[in-house]
Structures are given as structure tokens and as C-alpha cells.
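Report on one structure; see the data block that follows.
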2 protein chains.
Amino acid sequence: MVVTDAAGPTAGHELPTGKTRDALRAAHLYYLQDLTMDAIAKELHTSRSSVSRLLSHARATGLVEISIHSPLDLPSRLEQDILERHEVSAHVVPVPDHASDVDRLERVALSAARILTRFIDSNQTIGVAWGSTMSAMSRHLAPKATHNSEIVQLNGAGNLRTTGILYASELLRRFGDAFGARVQQFPVPAFFDDPATKEAFWRERSTKRLLDLQASMDVAIFGIGSPFAEVPSHVYQGGYLERADYQALSRDGVVGDVATVFYRADGSTDGIPLNSRATGPDFGVLRRAPRRICVVSGQAKLPGLTGALAAGLITDLIVDEGTARRLVEDSAVEVGTPPERSTGTAMES
Amino acid sequence: MVVTDAAGPTAGHELPTGKTRDALRAAHLYYLQDLTMDAIAKELHTSRSSVSRLLSHARATGLVEISIHSPLDLPSRLEQDILERHEVSAHVVPVPDHASDVDRLERVALSAARILTRFIDSNQTIGVAWGSTMSAMSRHLAPKATHNSEIVQLNGAGNLRTTGILYASELLRRFGDAFGARVQQFPVPAFFDDPATKEAFWRERSTKRLLDLQASMDVAIFGIGSPFAEVPSHVYQGGYLERADYQALSRDGVVGDVATVFYRADGSTDGIPLNSRATGPDFGVLRRAPRRICVVSGQAKLPGLTGALAAGLITDLIVDEGTARRLVEDSAVEVGTPPERSTGTAMES
DNA sequence: AAGCCGAATGAACAAACGTGCAGGGGGAGA
DNA sequence: TCTCCCCCTGCACGTTTGTTCATTCGGCTT
């Protein structure tokens with residue numbers, strides 16, 4: 001009976017319907033005026049159900065943003081400790097200690113996706129790695145409209161068994177969709193077989209263009225790979241590396257990787273042969289990005305995380321509570337602060 | 001059995017309990033991780049009810065902030081029109097046309113209180129007027145922690161019958177509480193009987209200090225008084241003015257007031273005798289504040305609003321939909337744009 | 001030491017909300 | 001013009017959330 005909204009004629013213009021308009025109005029009434037969905041339904045001449053759906057839509061498309069501010073005076077002891085010891089702004093994700101690794105990853109990724117919003121803006125070049133953490137994140141991104149931003153793939157994703165490209169491109173696409181940004185793929189394998197091939201490739205103009213983009217990133221987002229953890233990261237399951245490669249990594253004292261670039265506990269990367277075949281950005285390049293966001297879930301990644309911190313790769317860290325606690329405890333010992341009992345959040349039973 | 005949180009001994013420090021800590025954690029879990037309150041209750045070892053209460057607390061104290069962004073491409077036709085015609089950034093509050101004036105005011109005030117948050121920050125001097133609109137707003141402010149900010153009363157509040165001070169101080173106090181700001185009262189009557197008394201008072205050092213504060217405001221917040229509307233504003237009911245005063249105002253062509261300073265339709269204030277007895281800031285002073293937020297509800301205030309716009313008093317306008325529509329229609333005629341049919345939001349039946 | 005008061009708790013209820021499902025409207029194509 | 005298909009709608013149900021109430025807990029006074 002009543003047409004939903006403006007824009008009469010057939011389709012044709014940018015947005016298909018006035019649905020977003022309604023969603024916006026519903027969101028105003030719900031979140032700013034505290035009306036019940038019932039009441040909103042009456043004002044919009046529709047049913048409660050539809051209002052519920054409109055509000056879902058509004059949240060899902062980022063019309064509504066919900067953010068949480070610590071009251072500045074009590075910024076989670078853990079976060080403060082991490083800031084002091086590593087000069088990194090931390091976001092600790094509360095997760096019960098008994099949660100499974102899968103749960104933990106999922107929950108950290110969900111939180112991270114929502115927190116990420118505040119770092120993304122217009123006219124930015126955003127570097128994105130891939131892996132199980134990034135993948136989980138990509139599935140939960142809170143959309144935010146930006147102009148003229150660009151998603152740049154940080155490292156190649158091809159491997160021996162499948163192209164892997166599809167997986168990575170799907171991941172990138174999700175980032176692009178969420179922020180209305182162009183996506184720049186990096187169509188190379190994760191590792192070349194021959195360093196010479198890589199170098200040849202790196203001289204190609206199309207490759208150079210991409211490397212230039214990477215060098216001018218405003219934000220980089222990545223997880224941490226941990227080659228020797230019980231729960232291996234995506235890279236280590238997917239057939240990207242061979243047995244001999246692992247042995248080499250082990251010999252070299254590697255503790256982790258960021259965007260398929262490997263490093264030792266002290267953050268050094270020199271003399272790790274595999275890196276000359278890897279496609280991720282040199283840490284020097286990576287560090288040029290003013291904001292470098294690292295998402296970590298699970299204590300298995302602690303050595304990797306510590307190494308990445310030592311390498312100065314991280315400016316913003318999103319990490320689960322248990323891992324954060326261990327991180328602080330470890331470095332407390334290191335620095336000489338007495339390893340005082342855990343500060344005792346309510347979760348500690 | 002399980003103590004709620006850290007901070008062992010008796011009271012004594014700033015915050016009474018670790019309640020805020022729990023609220024923060026609950027908010028994380030609820031808004032960032034989409035857990036149900038049930039699940040959160042288990043993680044926190046408490047009951048659902050308590051979690052519900054914790055979340056209420058989190059929202060009420062501003063730990064959680066919910067904001068709404070128009071997707072930049074469709075910023076409510078009305079808001080855009082107002083911006084173009086009056087160079088004022090508008091926030092149109094959706095309210096059904098059939099709502100009562102009381103409802104309308106309440107809803108605009110609620111929205112305004114929530115929107116206000118984004119304008120308030122640390123190290124600011126914030127001027128606040130009073131009246132029914134401001135009072136309604138004060139009851140709904142979303143708290144936000146700031147340092148070193150100051151609330152300054154814009155105009156006196158004493159009248160013939162009661163001191164009125166109590167009313168105004170309560171209002172100011174609410175602003176101060178919400179933002180953790182100091183409150184500077186202005187203990188003078190709304191109108192002096194004799195201009196000479198006012199001038200004498202204005203020479204007092206204590207008064208001067210306050211006037212200086214006003215002159216260095218970063219933000220001013222005020223409603224609009226409409227002396228001749230059917231639903232008179234607070235000033236006009238409270239016994240602040242006498243019959244003769246009204247007649248004078250009428251003779252002078254006054255259409256409204258801002259912080260008890262009266263003006264005509266063209267925004268002029270010169271030659272309105274009552275102003276020399278009023279205690280609100282001269283418009284010249286007011287206009288020095290870089291951000292001047294005006295909250296208006298109800299079409300009765302249209303003439304007043306138009307005058308305030310003409311006087312250039314407003315940089316940010318929060319207004320109900322019906323009034324916004326009328327405002328645009330009126331100025332459309334004025335400017336010469338054909339008075340096209342209302343653009344037809346869903347509410348128009 | 002007993003008693004009082006206010007704040008905080010959890011159970012139970014009532015309200016509000018989300019979602020699967022069947023039905024209907026409208027546009028594209030035949 | 002008819003048909004098909006997809007998307008949207010509202011209903012009904014089960015779940016989730018808010019709130020009231022009786023009770024307990026802890027601190028402080030008498």
C-alpha cells in the first residue's frame with residue numbers, strides 16, 4: 001500500500017532502494033531515541049520484524065557504530081603494561097582461559113574486525129596479509145565507507161597444490177567490499193623456487209607498481225605465523241613449504257613469520273635463505289607504514305609475537321587475554337620486575 | 001564466594017568498586033564479540049540479571065558509545081538543504097508529525113544529548129544556557145570523561161518568584177557530572193530591574209572573570225526562546241517578565257531570544273531596551289565560540305530559529321523533522337526555488 | 001554484640017527481539 | 001499478456017533481554 005520511500009521509477013541509480021534510508025531512520029529512533037522496535041514499526045508503517053531486519057542491516061552495513069572506551073584512568077592493567085614494555089598500543093580481547101583455540105581465534109578475529117574500523121579511513125593504502133587469522137577477520141569486518149582507499153596484498157599466495165590465489169583473493173575482496181576500496185592483488189606464489197626468478201619478477205614493471213604501493217602504505221594488517229607450533233598456521237599446512245624448508249627454518253632459529261618473511265627471536269632476518277624466495281615485504285619496507293596492526297590469538301604464537309615485537313614490526317597489537325598475560329609475565333622477568341602474581345581479573349579462578 | 005574484582009581493602013580510592021571493570025569486560029563480550037548475556041554471565045561467574053545491569057551501567061556511563069553515520073552519499077535531503085541555505089550543519093531528528101509537543105521536545109532532547117557527546121572534549125570551555133529544552137537535554141546526557149573542561153552558565157536565572165538558581169544549578173550540575181567538568185555558575189537574576197545595576201555588577205571582578213570565560217568559550221549550547229508562541233518557553237512562564245515587558249517586546253518586533261538576549265527576524269538586537277537589563281552574552285561574544293550548538297523542537301520556534309540563523313548564532317543545529325521541513329520550505333520560497341512538493345519521506349501519509 | 005540500613009544479588013516474570021516459514025507483489029523475460 | 005522467479009512482508013514461535021521483588025551481604029552505628 002504505502003511505497004517504501006522516495007525514488008520512484010525503475011531502477012538505474014546507484015542504490016537500489018530507499019532501504020538504507022529507512023534503516024538510517026530506524027537506527028536513529030532505536031539507538032538515539034530509545035524507542036522500541038514496536039514503536040518504530042508504527043512510525044514507519046511496517047511490522048516489527050521488518051524493523052528488526054532494518055536494524056540488522058544498519059549494523060551490518062556500518063550505519064551504526066558501537067565503540068567501547070576505557071575511562072582513561074583504568075586502561076586494563078595488561079594494556080598499560082604492554083604499552084610500557086613494548087611501546088605498542090595493545091587491545092586485549094577478553095577470552096576465557098579454557099576456550100578452545102578455534103573459539104579463541106574466532107573471538108579475537110571478531111573483536112579485531114570491529115576495532116579495525118577506527119584505523120581505516122579515506123585516501124589510505126592498506127596492506128593486508130593473509131592466513132587463518134586474517135581470513136577469520138575478513139569474515140567479520142564492520143563496513144565503513146571510504147573514498148579513494150586501496151587494499152594491497154602484502155605477499156603472494158600461490159602454492160604447490162592449489163593456486164591459493166582464490167583463497168587470498170576472496171579474503172582481499174572482503175576487505176575491499178567492507179571499506180569500498182580498490183583491491184590490488186599480488187599474483188605470485190607465496191615462495192618462488194628460485195631466488196633468481198623472484199628477482200626477475202621484481203624487475204617487472206607491474207610488480208614494481210605493486211611494490212611501490214606497499215612502500216607507501218598507511219596501514220598494514222597482519223597475523224603471525226608460527227612454524228613450530230602444535231597448531232600450525234595456514235602457511236604451514238597448505239603445502240607451501242617442504243620438509244627440507246622446515247629443517248632449514250629450524251636450523252636458523254626461526255620463531256615466526258610476518259607475511260611469509262621469517263625472523264628469529266631477536267627480530268633479525270638476515271641469513272635466512274628462505275626469505276630470498278619469499279614474496280612478503282622486507283621489514284624495512286613494512287616499518288615505513290605509520291600504523292602496523294598485528295592480530296594474534298593463542299599462546300602458541302608467543303615466541304613469534306615476541307620476535308615481531310623485537311623487530312619493531314608492530315604499532316598496534318590485538319591479542320587475546322591469555323597470550324597478553326603471558327607476554328607481560330615473560331617480559332617482566334626479562335626486565336627485572338619481580339614476577340608478581342597475576343593481577344587477578346575475575347576470570348582467574 | 002568469588003570476589004568481584006581486584007582492589008582489596010576498605011574503600012578510600014577514587015572509584016568505589018571494580019564494577020566498572022566488569023562492565024567494561026561485559027561490554028567487550030557483548031558488543032564486540034556478540035556473546036549473549038547468558039554466556040557472559042557464565043564467563044563472569046554471575047547471573048544474567050547482573051550482566052544486564054552491568055551493560056546498562058556501561059551504556060549509562062558512556063563506556064559504550066553508539067553512533068550513527070549517514071553514508072555520506074545520502075545525508076538526509078533536509079540536512080543538505082539546510083547546509084546549503086544557511087551554512088549550518090544540521091542534525092534532523094526524525095519525529096512523527098502527529099507527535100505532541102511534549103513528546104517532540106523529549107525526543108529531540110534525547111537525540112541531542114547523545115549527539116552532543118561528539119562535540120565535547122577535554123580542555124574546553126563549554127557555555128550552557130538554560131530553559132525547557134536545555135533542561136530536558138540535561139536529563140539525558142551521555143557521559144564522556146574529559147580533563148580540565150569547564151561548564152559556564154551563559155545567563156542568570158533568578159526571577160521574581162523563586163530564585164530559579166536551584167533550577168539552573170541542577171541543570172548545570174548535570175552537565176558537569178556527565179563530562180567530569182567544573183561548573184561555573186552565574187549567580188545573577190535573569191533580568192535586572194535597572195540597567196545601571198547590571199553595569200555595576202558587570203564591573204565586579206567576580207563577574208568579569210565569568211564574562212572572560214564566556215568570551216573564550218569553545219562550545220556554546222542553547223535553545224531558542226519564543227515569546228509569542230502558544231507554548232511559551234520557560235522564560236515566559238516563570239515570572240521572569242511582566243506584562244509591560246511583553247508589550248515592549250511585541251512593539252520592537254522581537255521573534256525570539258537566545259540566552260535571554262532578544263532579537264528581531266533579521267537577527268538584529270539593537271534598540272531592544274530589555275537587552276540592556278538581560279544577563280546573557282552579547283551576540284558578538286557568543287559568536288566568538290567556534291562551535292555554537294542550537295537545539296530546537298517544535299514549529300512554534302520557527303520564527304525564532306530563522307532569526308537566530310539570520311544573526312549567525314548557530315554553527316550546528318539539532319532540530320525535529322517537521323520544523324526542519326518548514327524551515328527549508330520557507331527559505332526555498334525566499335530564495336526563489338519553486339516550492340516543490342515535500343520530498344516525501346515515508347512518514348508523509 | 002546486636003541491630004540497622006543500603007547496596008547488590010539471583011529467581012521469576014513480562015516485555016522485547018530474532019528468525020523460519022508461508023504467502024504475495026512486481027519486474028523481467030517469454 | 002502471461003509466467004516465473006526473487007525478494008520482501010508479516011505472522012508465530014522460541015529465544016533473549018529488562019525489571020520487579022524478596023533476600024542476602026557487608027559495613028556502620030548504637
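Below, read A as the first sequence line, B as the second, and so on, with proteins coming before strands; counting in each chain starts at 1. As a basis for the values below, the full set of heavy atoms in this structure was taken, side chains included, without hydrogen atoms, waters or symmetry mates.
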Rounded interatomic separation in angstrom, taking [atom1] from [X] and [atom2] from [N]:
X: A/His57; N: D/dT9; atom1: NE2; atom2: C1'; result: 16 Å
X: A/Tyr30; N: D/dT17; atom1: OH; atom2: P; result: 10 Å
X: A/Asp38; N: C/dA15; atom1: CG; atom2: P; result: 12 Å
X: B/Ile40; N: D/dT17; atom1: CD1; atom2: P; result: 8 Å
X: A/Leu35; N: C/dA15; atom1: CG; atom2: P; result: 18 Å
X: B/Leu54; N: C/dT9; atom1: CG; atom2: P; result: 8 Å
X: B/Asp34; N: C/dG18; atom1: CG; atom2: P; result: 12 Å

Does some side-chain heavy atom of [Y] sit less than 4.5 Å from a side-chain heavy atom of [X]?
X: A/Val183; Y: A/Phe175; answer: no
X: B/Gln184; Y: B/Gln153; answer: no
X: A/Ile120; Y: A/Thr146; answer: yes
X: B/Ser100; Y: B/Asp103; answer: yes
X: B/Met37; Y: B/Leu55; answer: yes
X: B/Val319; Y: B/Val93; answer: no

Check your understanding: When all nucleic acid strands are considered with a 4.0 Å heavy-atom cut-off, which category describes B/Ser50: base, sugar-phosphate, or nothing?
Key -> sugar-phosphate
Review point. Does a side chain donor of either A/Tyr31 or A/Arg59 reach within less than 3.5 Å of an acceptor in the other side chain?
Key: yes
Study note, to complete from the structure: So CZ of B/Arg107 and CD of B/Glu321: to nearest 0.5 Å the spacing works out to 10.0 Å
Point to revise | B/Ser52 side chain vs B/Arg48 backbone, donor-acceptor pair below 3.5 Å | key: no
Review point. Could you write nucleotides 19-26 of chain C as a row of B, S and -, 5' to 3', where a protein heavy atom under 4.0 Å of any base atom gives B, of only sugar-phosphate atoms gives S, and otherwise -?
Key: BB------
Check your understanding: B/Arg59 side chain N/O closer than 4.0 Å to the phosphate oxygens (OP1, OP2) of D/dG18?
Key -> yes
Review point. Would you say D/dG10 has OP1 or OP2 under 4.0 Å from some side-chain N or O of A/Thr46?
Key: yes
Revision key, fill the gap. Rounded to 10°, the helix from C/dA1-D/dT30 to C/dA30-D/dT1 deviates from straight, judged by its five-pair end axes, by 20°
